[in-house]
Amino acid sequence: MIFLMDLQMMLLDVLYFILRNSLRAVLRPRTKPVDGELVLITGAGGGLGQLFAQEFSKHGAEVVLWDTNTASNERTAALVREMGGKAHTYTVDVTSPQEVYRTAEMVREDLGRDVTILVNNAGVVAGKRMLDCPDELIERTMKVNCHALFWTVKAFLPQMKANNHGHIVTVASVLGLFSTPCVEDYCASKFAAVGFHESMAHELLAEEVDGVKTTLVCPYIVDTGMFKGCKIRDEVEMILPPLDPQYCVEQAMNAILIDQPLVCIPRLTYLPFLSRALLPWESNVVTYRFMGSDKCMYPFIDAMTNREAPLPITAE
Ligand SMILES: NC(=O)C1=CN([C@@H]2O[C@H](COP(=O)(O)OP(=O)(O)OC[C@H]3O[C@@H](n4cnc5c(N)ncnc54)[C@H](OP(=O)(O)O)[C@@H]3O)[C@@H](O)[C@H]2O)C=CC1
Ligand SMILES: CC1=C(/C=C/C(C)=C/C=C/C(C)=C/C=O)C(C)(C)CCC1
């Protein structure tokens, strides 16, 4: 009897959330204020990291910027300060757990308060065919895009839980939900990031920690240069062009500010995610061929290889 009542309640809840989320897609729900929050962004010197810092700052948050690249991290801080915002920079390699824990402690001592929003944004890709790729590059992708999530979350989640207040954002990718050929390191790391994020989100809900929110951000190609050259069929690209970085971050911010658990940017990319789950493998293969996704990474890998190749010696 209790089982049947629970089943009925669960089905009603399922319907309620389908309805609520469909309405949310049309009507804009109220956003939460983030002024006064302390937001830590990893990979803050990069294309999306810089824009996240500026957007959070526009909303009145104080930002803590982490990157291995001191110069680009300082540029982000300068942009935030020009806007009248508060930014603190730290040069950190997020692949090192010791460095992450030590710097997290330093942030706490320097600022005298806890980080309340963590944006795990740092990411890399090897940009080589798997069989040509040095093992160290494959390991680096796994360490930056996946292992680092464990270190930063272990560093900041305990205080969020203790205060029952916080938000963990994981910038994964649509390539964590479906794959393309020739970026095995990246897909493996982003599928892992999605798995990590979802498991952590379920853990918080199972423990009824309702004040710590989570958002998984899965963008399609963004024009930051990271995947420069990646190209699908022209006719399909007209419907699905690479994203403008500002648009991507604005969409991600909208999701974060309404505590949305998952956002695929653009929405059209929910389709290949669904078709991967529902259609036979061979149906997906023919779709990939038709849309030019089967060889979309070739020009990207060529461009990466040429970028690294030494300049040809030309006779004077
Ligand atoms: N661009 C795209 O098409 C898409 C990107 N994404 C994801 O979005 C996120 C941001 O990407 P994007 O802004 O385009 O990339 P960028 O390369 O512009 O920025 C990434 C930043 O992370 C930094 N970084 C790399 N390794 C480490 C490390 N070990 N510790 C700390 N910082 C590090 C980089 O520093 P350095 O300059 O020294 O390398 C760089 O500043 C990534 O997670 C990416 O996977 C998702 C979907 C699409
Ligand atoms: C596979 C596939 C597609 C192409 C996806 C591509 C090319 C994604 C690239 C994403 C990147 C580079 C993400 C970085 O994080 C389509 C045409 C959408 C639909 C058919 C299935």
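The basis for the numbers below is simple: all heavy atoms, side chains too, and nothing from hydrogens, waters or symmetry mates. Just so you know, residue 1 is the first one in the sequence shown, and it goes up from there. When a ligand or atom number is given, it counts from 1 through the structure's own listing order.
The residue among L240, D294, L271, L268 with a heavy atom at the shortest distance from atom 18 (C) of ligand 2 is L240. Comparing Y220, F273, Y186, Y288 against atom 1 (C) of ligand 2, the shortest heavy-atom distance belongs to Y288.
In this structure, F300 has no heavy atom closer than 4.0 Å to ligand 2.
Screening V100, N121, V119, N120 for a side chain to side chain contact (heavy atoms under 4.5 Å, CB included) with W66, the sole residue that qualifies is V100. The only option from I117, V169, T116 that meets the side chain to side chain contact (heavy atoms under 4.5 Å, CB included) definition with V39 turns out to be I117.
No donor-acceptor pair closer than 3.5 Å links the side chain of K161 to the backbone N or O of G166. Remark: side-chain polar atoms of T76 are paired, donor with acceptor, to backbone N or O of A44 under 3.5 angstrom.
Salt bridge E99/R102: absent, no basic N to carboxylate O contact under 4.0 Å. R129 has no carboxylate O lying under 4.0 Å from a charged side-chain N of E184, or vice versa, which leaves the two without a salt bridge.
Polar contact with ligand 2: absent for T287 (N/O pair, distance under 3.5 Å).
The residues lining ligand 1, counting any heavy atom closer than 4.0 Å, are G43, G45, G46, G47, L48, D67, T68, N69, V92, D93, V94, T95, N121, A122, G123, V124, V144, V171, A172, S173, Y186, K190, P219, Y220, I221, V222, T224, M226, F227.
With ligand atoms numbered from 1 in the order given, ligand 2 contributes 13 (C), 14 (C), 15 (O) to contacts under 4.0 Å with heavy atoms of S173. Listed by atom number, the atoms of ligand 2 under 4.0 Å from M291 heavy atoms are 17 (C), 19 (C), 20 (C).
Separation of atoms CG (N21) and CD (Q260) is listed at 7.0 Å; rounding is to 0.5 Å.
Using modelled atom types, one finds no donor on one side chain facing an acceptor on the other under 3.5 Å when comparing E37 with H59.
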